[in-house]
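We use all heavy atoms of the structure for the numbers below, so side chains are in, but hydrogens, waters and symmetry mates are not.
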Amino acid sequence: MSDIVREVGRRRTFAIISHPDAGKTTLTEKLLLFSGAIQLAGAVKAKKGGKSATSDWMEIEKQRGISVASSVMQFDYRDHVVNLLDTPGHQDFSEDTYRVLTAVDSALMVIDAAKGVEEQTIKLLNVCRLRNTPIVTFMNKYDREVRDSLELLDEVESVLKIRCAPVTWPIGMGKTFRGVYHILKDEILLFGAGENKAGQLVDEVIQGLDNPRLDELFPLEIEQTRMELELVKGASHPFVLEEFLAGELTPVFFGSAINNFGVREILNALVDWAPSPGERDATVRMVNPTEEKFSAFVFKIQANMDPKHRDRIAFLRVCSGEFTRGMKFKHLRLGRDIAANSVVTFMAQGREQVEEAYAGDIIGLPNHGNIQIGDSFTEGEALSFTGIPYFAPELFRIVRIRNPLKIKQLQKGLQQLGEEGAVQVFRPLNGADIILGAVGVLQFEVVASRLANEYGVEAIFESTNTHTARWVTCDDPKMLADFEKQLVNNLARDAADSLAYLATSRVNLELTQERWPKIVFHSTREHA
Ligand code: GDP
C-alpha cells in the first residue's frame, strides 16, 4: 500500500453541529482529552479567551460568550488522524458554519436531551444533507432531568427526517443516571460523575443486560431500561453502515459531555464507521483523494490575531495528493505560484509547522489578501472545487464614513472583509453607495469594529430600503443587458462581481420575477 493510500485511509475529518448551549464546546474539550491531545479540561476555553492581542471582535466574542471564529484541531486517536473543525454556534455566523461543513467528511450532531431538536440544528442538518454527509448523534446532558429517550429519537426522525439507530441506551437520568447499555456489545458502562478525570478514562463495564449484578446495583432503573429496550427494538432501526454512509441513518449515543461520559463511544464510532476522505467534485472531473498530485480549496479565511498586521490565514482543505514542506503549488484564480514554506497546521496545542498533509487535513496559508473563499490550489491542473455556498443576505445596511478622506481605506477594508466572507458587499450599478448584506446582525458589529481596528475607518451603518437580494443570470445575453438597463437602480455587483438584484420588498421581487420570466433569480451563489 502506498503512503498516500494509507494516510488517506486513516484520516477522519468532521465538525460538530449543534444549537448553542447544547454542549459543543464541552464535548470538543472532552474529545481532545480522550485523545491525549490535552491534559487538562478547560484548555479549550482558556485558549479562546486568553492570548496577547485581542481585537474588538474578539471582545464581542467574549462578551457574548459565543465563538465567532471557528478553528481546527488535529489529533491522533487509535492510529488515526482526526481533524475536528469547530463551527461558530451563534446563528448570526451560520454562513461560516455552512462553509466549514463543505470541508468535512462527517458530522457529529449534539442535542441537548432536555430540549430536543432545536432550530439551529435543523438548519445545519439540512446543509449536511446537501452533500449526504454522514451524521453521528450524541444526546447530551443525561446527568440532568431530560426528555423521554424514545420521544427524542422520534423527534429526530420526524423533524430531521433521518432514521435513528441507537447504539447505546441510557439507564435512568438526572440523579438516577446509572450509565448506558451498549446495544451492539451487550455491555453496561457504569456512570461515574467527574468533570476532569483525565487520568481515569476507562469506565467500569458490566457484561450482559441480564447480569444479576445490575439488579443489585439499581433494580428500578435497570428494569425500566429492559422495558424500554423492548420498545426500542420495535421502534428504531438497526445500525447499517451503508445507510449511515449514505446519510440516511444516524447512530445515536447517550451520555453527559461535562462528565466525560459516553464520549469515547462517539470517538470510536467516528474512527470505526465515519468515512475517510472521498472523491471531490472539481467541475472538470472528480478528484480522488489518493491521486499523487496535490489539490486543495479554501473554505474559510480568518483574520490573524494581530490586527495591526492585517495578516490573514486561508484555511485549505486538502483534497488529494501529498503536501510537503517547501513544495510549490499554484493559486489557480490568480495563476500564481505559492512556495509553501510558512504553511501551518492546527494541532490541539497550537500552531505548528506542517511537514506533510494528506486529503482530509486542513492547512493554513498565511497571506496578506488575494486569497478568497472557494479558491482552488493544485500543482497546475485547472480544477475548480465546487460547493461553497453564499446565501442571499436578509439584512442590509448602507455604509457611510465620518471622514471622507478615508474612502480608500474603507474600500480596501470592505473588499478584504468581503473576501473573508465576514459580510457581503454590494456595489449598486448606479451611484456610489456601498451596501452591506448579512445573514445575522452581529456580522455588522464585527465589520464595524474590524474596520476601526484594522483599517482605521470609523463607519456608520444606515438602514436601506433593500429587503432581499437575488443573484441573477440569464442564458440570453441580450435579455440580460436589457434587464440591466431597465432595472439599473435595483442592481448591484458583489465582491465576486456577480450581478445581484436588490429587491425593496417580497412583492417587488415577485413582480420582477413575473415580468422577467427568462431571468433566473438565485437565492444562493457558489463561489465564482
Ligand atoms: P455550546 O454552546 O454548544 O458550545 O455549549 P457549551 O459546551 O458551552 O455548554 C453549554 C452549557 O451546558 C454549559 O454551561 C455547560 O457546562 C453545560 N453542559 C455541557 N454538557 C453538559 C452535560 O453533560 N451536563 C450538564 N448538566 N451540563 C452540561
- Is any NZ, NE, NH1 or NH2 atom of the basic residue among D494 and R525 found under 4.0 Å from an Asp or Glu carboxylate oxygen of the other? yes
- Query: Any side-chain heavy atom of I434 within less than 4.5 Å of one from F426?
  - Reply: no
- Item | Pair E484 + R493, salt bridge at N-O below 4.0 Å | yes
- Only counting residues at least two apart or in another chain, list the ones meeting side-chain hydrogen bond (donor to acceptor under 3.5 Å, both in side chains) with W273. none
- Message: A side-chain contact here means heavy atoms from C-beta on lying under 4.5 Å apart; do L101 and T133 qualify?
- Response: no
- Task: To the nearest 0.5 angstrom, please state how far the CD1 atom of I162 sits from the CD atom of E243.
- Result: 10.5 Å
- Separation of E29 CD from M73 CE (nearest 0.5 Å): 10.5 Å
- Task: Ignoring hydrogens and angles, state whether a donor on the side chain of E419 or Q415 is under 3.5 Å from an acceptor on the partner side chain.
- Result: yes
- Item | Working for ring pair (Phe, Tyr, Trp, His ring centres under 6.0 Å), residues F377 and F297 | CA-CA 6 Å; F377 293 79; F297 72 92; 10.0 Å; no
- Counting only heavy atoms not in R285, do more than 12 fall under 6.0 Å of its CZ? yes
- Message: Students often mix this up, so state it plainly: with edges at 30° and 60°, are the rings of F294 and F323 parallel, tilted or perpendicular?
- Response: tilted
- Minimum heavy-atom separation for A392 to W471, with atom names? N-CZ3, 3.5 Å
- Message: Could you check whether D3 and Y358, counting side-chain N and O atoms only, form a donor-acceptor pair closer than 3.5 Å?
- Response: no
- Query: Rounded to the nearest 0.5 Å, what separation is found between the CG atom of L85 and the CZ atom of R317?
  - Reply: 9.0 Å
- S376-S384 side chain donor-acceptor pair, cut-off 3.5 Å: no
- Pairing of D375 and R333 as salt bridge, 4.0 angstrom limit: yes
- Query: Below 4.0 angstrom, N of the basic side chain to O of the carboxylate: do K485 and D482 qualify?
  - Reply: no
- Message: In the structure I gave you, are the side-chain heavy atoms of I16 and D86 within less than 4.5 Å of one another anywhere?
- Response: no
- Task: Salt-bridge test for R10 and D79: reply yes if a basic N is under 4.0 Å from a carboxylate O, no otherwise.
- Result: yes
- Using 30° and 60° as the class limits, which term best fits the ring planes of F521 and F483: parallel, tilted or perpendicular? perpendicular
- Message: Are the side chains of L160 and M109 in contact, using a 4.5 Å heavy-atom criterion?
- Response: yes
- Does a side-chain N-to-carboxylate-O contact under 4.0 Å join E248 and R163? yes
- Query: Does L84 reach the side chain of F75, with side-chain heavy atoms less than 4.5 Å apart?
  - Reply: yes
- Task: With rounding to the nearest 0.5 Å, note down the distance linking CG in N465 to CG in L502.
- Result: 9.0 Å
- Query: Which distance, rounded to the nearest 0.5 Å, do you find between the CD1 of I338 and the NZ of K330?
  - Reply: 10.5 Å
- Note on the structure: Which of R11, R280, R131 passes salt bridge (charged side-chain N to carboxylate O under 4.0 Å, His left out) with D105? It is R280
- Looking only at heavy atoms, which two atoms of F391 and Q424 are closest? And how far apart? O-NE2, 2.8 Å
- Item | Test item: side-chain donor near acceptor, N508 and Y501, under 3.5 Å | yes
- Carefully, step by step, assess E510 and R515 under the rule salt bridge (charged side-chain N to carboxylate O under 4.0 Å, His left out). CA-CA 9 Å; E510 283 165 11; R515 257 176 232 146; over 6 Å; no
